[in-house]
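Written below as structure tokens is the structure these notes are about.
Just so it is clear, the model here is predicted, and its values are computed rather than measured. Sequence positions, counted from 1, serve as the residue numbers for this chain.
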Amino acid sequence: MNAGRDRDDAGRPRQQRPRDALGRPLPYGDAGVEPVPEEALPPAETIETARALVHEGRPFAAHEVLEARWKAGPDDERDLWQGLAQLCVGLTHAARGNAVGADRLLERGASRLDAYAARGGPTHGLDLAATVGCARKRANRAE
């Protein structure tokens, strides 16, 4: 166990270090962006929150919200939430100037969402075809 790792009162790992808008850690005591909830939100709220964070220029935080949902959600929806989280990581790489990483993660997330859509799982109101198309268009710009 890492004695220096941030933990909550129950001993679970919790990030206390401030971060910038793109998820990069800042020194303790610096002002960072508002942290996102570490607990999973209901599906509709997860999508709404992640979308708002992306529009605010915080795709890394959107990834964290989606990751919490994928870890807490049913196994048959894992590819939906993981694919969406990968798209957000791709957007984070793009914003940080890593075009190769952006392209890879956007394509990986799009492929995962394509596979999920083919199985016909619940989309919670998302237009997966439009989401995948947007991701692939973005990936082509990142190259």
Side-chain angles (χ1 to χ4, degrees), residues 1-26 28 30 32-143:
M1 182 165 103
N2 181 356
R5 188 167 186 184
D6 296 329
R7 300 208 175 260
D8 66 11
D9 292 338
R12 292 182 305 261
R14 298 289 185 215
Q15 183 56 257
Q16 299 299 318
R17 192 168 172 186
R19 294 186 175 267
D20 71 9
L22 294 177
R24 294 175 288 227
L26 299 170
Y28 286 101
D30 278 11
V33 295
E34 183 71 25
V36 295
E38 293 187 38
E39 289 75 29
L41 302 170
E45 191 176 345
T46 297
I47 292 167
E48 180 182 319
T49 301
R51 185 177 285 142
L53 288 164
V54 168
H55 286 294
E56 291 171 16
R58 297 183 59 198
F60 182 82
H63 152 265
E64 290 180 322
V65 169
L66 292 161
E67 183 178 54
R69 179 77 247 151
W70 115 45
K71 289 181 176 179
D75 287 344
D76 63 339
E77 291 184 19
R78 180 182 173 101
D79 282 341
L80 171 67
W81 302 112
Q82 194 170 32
L84 293 170
Q86 287 174 323
L87 296 183
C88 290
V89 173
L91 295 174
T92 300
H93 280 296
R96 291 177 178 176
N98 178 0
V100 172
D103 181 46
R104 287 181 181 155
L105 266 296
L106 289 167
E107 182 54 42
R108 191 176 302 153
S111 294
R112 188 176 299 276
L113 292 175
D114 272 343
Y116 180 79
R119 288 193 308 275
T123 63
H124 304 285
L126 285 173
D127 181 340
L128 289 185
T131 302
V132 166
C134 183
R136 288 198 166 120
K137 183 177 177 182
R138 172 67 192 191
N140 290 332
R141 286 196 313 248
E143 291 180 21

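Among residues two or more places apart in sequence or in another chain, the salt bridge (Lys or Arg N to Asp or Glu O under 4.0 Å) test is passed with E77 by none. In terms of the side-chain hydrogen bond (donor to acceptor under 3.5 Å, both in side chains) criterion, residue partners of D20 (sequence neighbours excluded) are, by chain and number, R24. Residues forming a side chain to side chain contact (heavy atoms under 4.5 Å, CB included) with P37 (at least two apart in sequence, or on another chain): L41. Under the rule for a side-chain hydrogen bond (donor to acceptor under 3.5 Å, both in side chains), the partners of Q82 that lie at least two apart in sequence or sit in another chain are R112. Contacts of D114 classified as salt bridge (Lys or Arg N to Asp or Glu O under 4.0 Å), with partners at least two apart in sequence or in another chain: R136. Applying the salt bridge (Lys or Arg N to Asp or Glu O under 4.0 Å) test to E64 and every residue at least two apart in sequence or in another chain returns nothing. Residues satisfying the salt bridge (Lys or Arg N to Asp or Glu O under 4.0 Å) test with D30, not counting sequence neighbours, are none. The ring pair (Phe, Tyr, Trp, His ring centres under 6.0 Å) test applied to Y116 returns no partner, not counting sequence neighbours.
When all heavy atoms of P59 and C88 are compared, the pair lying nearest together is O-CB, 3.3 Å.
Sorted pairs that involve residues 87-99 and meet salt bridge (Lys or Arg N to Asp or Glu O under 4.0 Å), not counting sequence neighbours, are lacking altogether. Listed by first then second residue, pairs satisfying salt bridge (Lys or Arg N to Asp or Glu O under 4.0 Å) with a partner in residues 117-129 read D79-R119, not counting sequence neighbours. Evaluation of the ring pair (Phe, Tyr, Trp, His ring centres under 6.0 Å) test over residues 45-87, restricted to residues two or more places apart or in two chains, returns F60-H63, W81-H124. Residue pairs meeting the salt bridge (Lys or Arg N to Asp or Glu O under 4.0 Å) criterion with at least one member in residues 40-62: none, sequence neighbours excluded.
Separating the CD1 atom in I47 from the CG atom in L84 is a distance of 7.0 Å, to the nearest 0.5 Å.
Judged by distance alone, with hydrogens and angles left aside, the side-chain atoms of R108 form no donor-acceptor pair with the main-chain N or O of Q86 at under 3.5 Å.
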Could you check L113 against L87 for side chain to side chain contact (heavy atoms under 4.5 Å, CB included), going step by step and ending with a plain yes or no?
CA-CA 10 Å; L113 292 175; L87 296 183; 3.6 Å; yes
